[in-house]
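What you see below is based on every heavy atom in this structure, not just the backbone, and it leaves out hydrogens, waters and symmetry mates. In the text below, chain A, chain B and the rest are named by the order of the sequence lines, each starting its count at 1. The model shown is predicted, which means the values in this text are computed figures rather than measured ones.
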Amino acid sequence: MADDGRDESLATDEEDSEPSCEEGASLSTAMVDDGSTLIRRLEICVAEAEKRTGKNAVNMGENYTVYLIETRPMDAVNDGRNPAPDSLWRRYSEFELLRNYLLVTYPCVIVPPLPEKRAEFVWHKLSADNMDPDFVERRRVGLENFLLRVASHPVLSNDKILHHFLTEEHGWKEAVYDTGFQAKADSRLRALSATFRVRNPDKRFVEMKHYSDELQSHTSQLLRARARVADRLYGVYKVHGNYGRVFSEWSAIEREMGDGLQSAGHHMDAFAASIDDILEEEEHYADQLKEYLSYAEALRAVCRKHELTQFELEVCTQDLVTKRQQREELATGMVRTFSLKGVTNKLFGAEAPEQREARLKLLEELICEGQDGVKDKTLECQEQVERGLVDMQRFKEQKDKDLKEALISYALMQVSMCKKGIQVWSNAKECFLKM
Amino acid sequence: MAVQGSAADLSVPVLDLEEDDDLEVFSKNTSVADGSPLPTSPSSMTNQYHLDREDPEESLEQNPEERERDLFITVDNPESQVTAIETFIMYRVLTRTTRGDFDSSEVEVRRRYQEFSWLRSKLEESHPTLIIPPLPEKFVVKGMVERFSEDFIETRKKALHRFLQKLSVHPVLSHSPHLKAFLTAQDLTPHKKQGPGLLSRMGDTMRSMAQSMRGVRGRAEEFSSLQDYTDRFNSTICSVDRVTQRVIREQKEYLDELRQYSPTYSQWAELEEGLSETLKGVARSLDLIGQETEGQVQELSEVLVPVLHEYVLCADTLKMVLRRRDNIQADFEVKNEALATRKVEQETLQEEVDSLADRLEQANVALRADWRHWRSSLRSDIQTSLLSTAERNVQYYEKCLAIWESFLLSQKVDPAQHQNQEPSS
């Protein structure tokens, strides 16, 4: 996994440059090494969104949005040939299907999340309507981000279904279902919600699971509080718009002060209007946090998968121990532990030697199977732990980098907002001076 | 001034803010309707014309503040007085003057609100067509304000101070014997007993009301346009006051949410390793922003609100003054008519009519002059307080900018480098 360091930095660079494919391309060309991830071979972007109408499963009319996925071979782009991209349209539900497939097929991978299905942490004037153009635009950005992250993941990017998703519009759904992942999906869901106690879980996974819970809790609290602050800030700015109206009224009855009041009023209107753009930009910050809120869930799932495997291993191992004990008892006649056989032997007399032999033979076979089973399970567990740890490390580095950038961009937004405030009130001050 | 309670439900993700019927707060279209000024009625245009004509004379009347001031009054040191019957607050009124007719150059007395009120009534009686500065309200209608809460007393004290300030620079009122008595007499009781009392004042008001129904014939355009201005000024200044109160309320609610917001960053920081310093930095910055916001709200309340409030009260005074002038004119017109119709008692009637005519002329002259004085004060006060507000807001944003830039520097980011044009970055 030597590509990890570069892959994750590529993913985050891609995330920054979401709106246009060209920028994604230029950052990819900055990557020197020739790695194995898809992103190096294929330039991907989600260029547009369009409304469609159609009939749903129960033959009722519905409105939905489709997103245009454009791909171009990276070498052609690098050569400066600038070919026309291949493109196809996909809806959100298809992205969901792809992700579910990936979740089931790669249980040790922290699968990148999709942008939210429904608008959450909405503040007063922000639309919660899935068809709202601002929401659709942010979703487009989120979907592109998802594809770029998947395509730059060392494991996920090699998946055939992913390739198919990106390059061929038709027959993809059938191909996904053909993999039979649905069956695994159901058992995975059951496993995730099952309760069982693991005796010797790997400490690192326990810590990570705890971390994922905490991360979810903190990010959702932050998002909720931020939405409330946004709401209040909106109120403050918009109320100033009333000064515009009132100063205008006032200027009509004052001769000397009139001009000053009138122009100050215009600045108040501008001030009130400025909050819309400010908060729209902040939504992108919120989206970045929401991504990691969802990532926390994916991280948790990987930890749970480990727990399940570990639990299964413990069950196997315990089963083997029990069987060995039984063999020993049978072989030596010593009853170590209480067993029904022991009781019935005492009551009705021991069994005939042939029966004993048959039973012993059976036990030996089972013990053999059991040993193989434990060996396999141990191997499986070890592999999972290795893979899981690698991906968790990769995730950790990516998260620190991404979130730090997000926080910095938030601060930059605040800087910009303050500068606008200084501007407007300085202008208003000039107007008042002229009164 | 309507009272509005905040009705935000914090337990629900989508906040439901109450909308003030009077104010269009949440319409996205905030541009001035069609950019054109409000339609001007003919009378308002005349109004402006008259104000035009007043201009050359106005320039002769310097801003009173700029003239040589010889009377300086301060109100401070509120102290509570307890008697068997009641508890009330006494304020210290300190006067410094170079005027010859004052016994000493510095006098200190203690006065209660009632006594300020007495002073104002006497001034109104003596100068019915002068615009007497307003007193803070006797009672506070707004909800549960303790009569003796610190804030209430402080606000009242400042308003009383401004009341006496305005009197001290008034060309006519500052020389009133009533004012002098108020400022100097250790015991006001003998002064309070003189002159027409409460009942006659009430009678006066009743008569005025009855007469105002009659209307005034031949009222000069000049005063009609003042009336028109007064009406519109009244509604406008009330609006400005309301908007300001709303701004303060919104700022306070923003501040409350901000205080809940910054801990979410510091709490998260405890979970993280590499990210911890950055998160703490944001938390710290938000805390500092909160402090600045608190200061800014306070300033708004202390500077702009009292001035607006004073002029809201003035609007009532203006109305009363114009009405009184109208009544004086009505008195004259009634007698004048009688003179024309009645043939007997011509001489006595003529005398009466002449004296009423004089009274009317005096009233008109006084009103005109004081109107100019008042408008000059208005302009000065409004400009000063709006300027102060704007300046404070600039300072607020400058401080907030510094806070965030300091955070960015701590993260080794050059704030100037990033041209933040892309929506996603």
task: Go through B/Ile289, B/Val394, B/Thr389 and name the one with the most non-hydrogen pairs under 4.5 angstrom from chain A.
output: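 The candidate making the most pairs under 4.5 Å is B/Val394.
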
- request: Select, from B/Phe233, B/Tyr396, B/Phe407, the one with the greatest count of heavy-atom pairs under 4.5 Å involving chain A.
  value: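 Looking at each option in turn, the highest pair count goes to B/Phe233.
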
Taking every non-hydrogen atom, the tightest pair across [X] and [Y]:
X        : Y        : result
B/Thr278 : A/Leu407 : CG2-CD1, 3.6 Å
A/Ala411 : B/Trp404 : CB-CE3, 3.7 Å
B/Tyr254 : A/Arg232 : CA-CB, 3.5 Å
B/Thr264 : A/Ala225 : CG2-CB, 4.1 Å
A/Phe247 : B/Leu386 : CZ-CD2, 4.1 Å

query: In terms of heavy-atom contacts, does NZ of B/Lys399 have more than 12 from other residues, nucleotides or ligands at under 6.0 Å?
result: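 Correct, the count exceeds 12.
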
query: Counting only heavy atoms not in A/Asp132, do more than 12 sit closer than 6.0 Å to its CG atom?
result: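 Buried by this count: over 12 neighbours within 6.0 Å.
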
message: Can you tell whether the side chains of A/Glu254 and B/Arg375 come within less than 4.0 Å, N to carboxylate O?
response: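 Salt bridge: yes.
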
Identify which part of [X] has an atom lying under 4.5 Å from any heavy atom of chain B, answering side chain, backbone, both or neither.
X        : value
A/Lys396 : side chain
A/Leu215 : both
A/Leu289 : side chain

Student check: side-chain heavy atoms of [X] and [Y] closer than 4.5 Å:
X        : Y        : answer
A/Trp250 : B/Ile382 : yes
A/His240 : B/Val247 : yes
A/Met257 : B/Leu378 : yes
B/Asn393 : A/Lys429 : no
B/Tyr397 : A/Val424 : no
B/Tyr261 : A/Arg226 : yes

Which answer fits [X], side chain, backbone, both or neither, if we ask what part of it has an atom under 4.5 Å from a heavy atom of chain A?
X        : result
B/Thr244 : both
B/Glu277 : neither
B/Leu279 : both

Between [atom1] on residue [X] and [atom2] on residue [Y], distance to nearest 0.5 Å:
X        : Y        : atom1 : atom2 : value
A/Ser426 : B/Glu391 : OG    : CD    : 8.0 Å
A/Leu403 : B/Glu272 : CG    : CD    : 7.0 Å
B/Ser285 : A/Tyr410 : OG    : OH    : 10.0 Å
A/Leu233 : B/Glu253 : CG    : CD    : 13.0 Å
A/Leu222 : B/Trp268 : CG    : CH2   : 6.5 Å
A/Glu249 : B/Thr236 : CD    : OG1   : 5.0 Å

message: Would B/Asp228 and A/Ile253 count as a side-chain contact (heavy atoms from CB on, under 4.5 Å) here? Give the steps.
response: CA-CA 9 Å; B/Asp228 190 49; A/Ile253 61 171; over 6 Å; no

Chi angles and distances behind the side-chain contact (heavy atoms from CB on, under 4.5 Å) call for A/Arg228, B/Gln260: CA-CA 9 Å; A/Arg228 286 220 253 269; B/Gln260 312 245 7; 5.9 Å; no

- request: Quick one: which of A/Leu261, A/Asn427, A/Asp277, A/Leu433 has the most heavy-atom pairs under 4.5 Å with chain B, could you say?
  value: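 If we count pairs closer than 4.5 Å to chain B, A/Leu433 comes out on top.
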
query: Taking B/Gln383 for the side chain and A/Phe432 for the main chain, is one N or O donor matched with an acceptor at less than 3.5 Å?
result: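 Side chain of B/Gln383 to backbone of A/Phe432: a pair is present.
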
